[in-house]
Amino acid sequence: MKSQNLKLLGLVLLLILFINCKKDQNTEFETKSSKLETSESIEKHFAIVIHGGAGTIKKANMTPKQEKAYREKLQEALNVGYAVLEKGGTSLEAVQKTVNVMEDSPLFNAGKGAVFNSVGKNELDASIMDGKTLNSGAVAGVSHIKNPINAARIVMDSTRHVLLSGKGAEDFAKQHGLTFVDDKYFHTEKRYNQLLKAQEKDKVQLDHTAFNTNELIDDHKYGTVGAVALDKNGNIAAATSTGGMTNKKYGRIGDSPIIGAGTYANNITCGVSCTGTGEYFIRTLAAHEASNLMQYKNLSLQESFKNVIGQIGDLGGDGGMIGLDNEANIAWYFNTEGMYRGYKKSNGENVVHFYEKQN
Ligand code: ASP
């Protein structure tokens with residue numbers, strides 16, 4: 001009898017042990033799966049941020065019609081990139097397609113709306129960078145490629161080089177079947193007038209920069225374009241495309257096609273696209289400097305942008321930069337009156353701004 005009781009007690013104890021064990025396993029499983037869920041949901045954050053140039057962009061100088069046109073085009077560009085990311089496309093594809101929208105619009109100094117150089121020609125620059133591999137591609141001084149950012153992408157994907165220029169870049173783009181246009185395509189009346197004004201004053205002019213504050217403002221409506229995106233796989237890419245600066249010297253190359261100056265992307269820090277007086281962005285290696293400040297000084301993206309634009313301002317340069325980090329934090333900073341800019345994120349945030357000094 002006694003031994004039977006002992007056996008029963010033993011069985012009960014075993015049962016309790018078994019149930020507890022199961023419970024622990026379940027808890028462990030739940031913890032693991034909730035961890036998985038968290039990391040999956042982090043992976044799924046995605047975002048795109050763009051700019052359409054910085055300069056003397058003031059509310060007083062814009063008509064409601066002009067505002068509407070800019071707002072709509074910037075939103076269209078954001079939507080195109082966002083749709084790519086939402087479908088699980090790469091950040092590279094997103095920034096390229098987004099930049100294409102702005103290149104095809106005469107509102108911006110890139111592609112169709114490119115400015116004229118001092119001999120009345122259009123020489124366009126563009127670059128793109130993959131933050132996962134640090135692969136990059138760029139073209140400089142091209143005059144007949146409709147979408148220079150597409151040429152930059154092909155340089156990245158199909159050569160061992162980073163930067164092709166002038167005729168060589170055009171021949172290469174032709175071999176790859178890119179769309180070509182003749183000189184007339186880039187000839188817009190307003191752009192040409194900008195050149196004549198710049199030459200009258202003997203100035204090299206940023207798109208949105210007034211010669212003096214009384215001068216309105218057809219001069220200020222265009223700008224270099226750029227996009228930076230983070231995709232669902234946590235990969236960052238950045239792209240920039242420009243016509244450069246009005247009345248620039250024939251053959252002059254700005255910061256936009258220079259990796260590390262006008263464009264940079266690195267998954268461990270951030271992606272950046274710049275706009276402004278290119279020489280200062282080259283001298284400070286602005287986009288790479290922002291990444292370095294995050295990596296080696298532990299600055300946030302916003303702090304690093306402020307620091308870099310501060311350095312540029314100290315040298316006498318002006319402009320701005322936009323970007324995002326690998327947690328989809330967005331930042332921008334500029335020392336001009338305004339910058340056409342906006343972002344759209346998977347958490348539902350979607351903004352387009354022109355004027356306010358900073359965010
Ligand atoms: N950064 C460009 C350049 O210097 C100009 C611009 O941003 O509008 O070529």
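Each ligand, and each atom within it, is numbered from 1 in the order the structure gives.
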With no hydrogens and no angle check, just 3.5 Å: does a side-chain donor-acceptor pair link [X] and [Y]?
X: Asp171; Y: Gln175; value: no
X: Glu289; Y: Asn292; value: no
X: Asn100; Y: Gln96; value: no
X: Asn122; Y: Ser143; value: no
X: Asn147; Y: Asp104; value: yes

For Ser256, take its heavy atoms, then give the atoms of ligand 1 lying under 4.0 Å from any of them. 1 (N), 2 (C)

May I ask you to list the atoms of ligand 1 that are less than 4.0 angstrom from any heavy atom of Thr224?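 Per the distance check, 2 (C), 5 (C), 6 (C), 7 (O), 8 (O).
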
From Asp255, Val115, Thr275, Asp318 - option closest to atom 1 (N) of ligand 1 by heavy atom: Asp255

Does any N or O of ligand 1 fall below 3.5 Å from an N or O anywhere on Thr242, backbone included?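 By distance alone, the answer is no.
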
Examine Gly244 against ligand 1 and note whether any of their N/O atoms are separated by less than 3.5 Å. no

Has Lys112 got a side-chain atom pairing as donor or acceptor with Tyr185's backbone, closer than 3.5 angstrom?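 It does hold such a pair.
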
Counting heavy atoms only, which part of His51 comes closer than 4.0 Å to ligand 1: side chain, backbone, both or neither?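 Neither part.
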
What part of Ala54, side chain from CB on, backbone N/CA/C/O, both or neither, has a heavy atom under 4.0 Å from ligand 1?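 None of Ala54 does.
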
Any [X] heavy atom less than 4.0 Å to ligand 1:
X: Gly223; result: no
X: Gly53; result: no
X: Lys248; result: no

Would you check if the distance from the ring center of Phe334 to the ring center of Phe305 is below 6.0 Å?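 No, they do not, as the ring centres are separated by 6.0 Å or more.
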
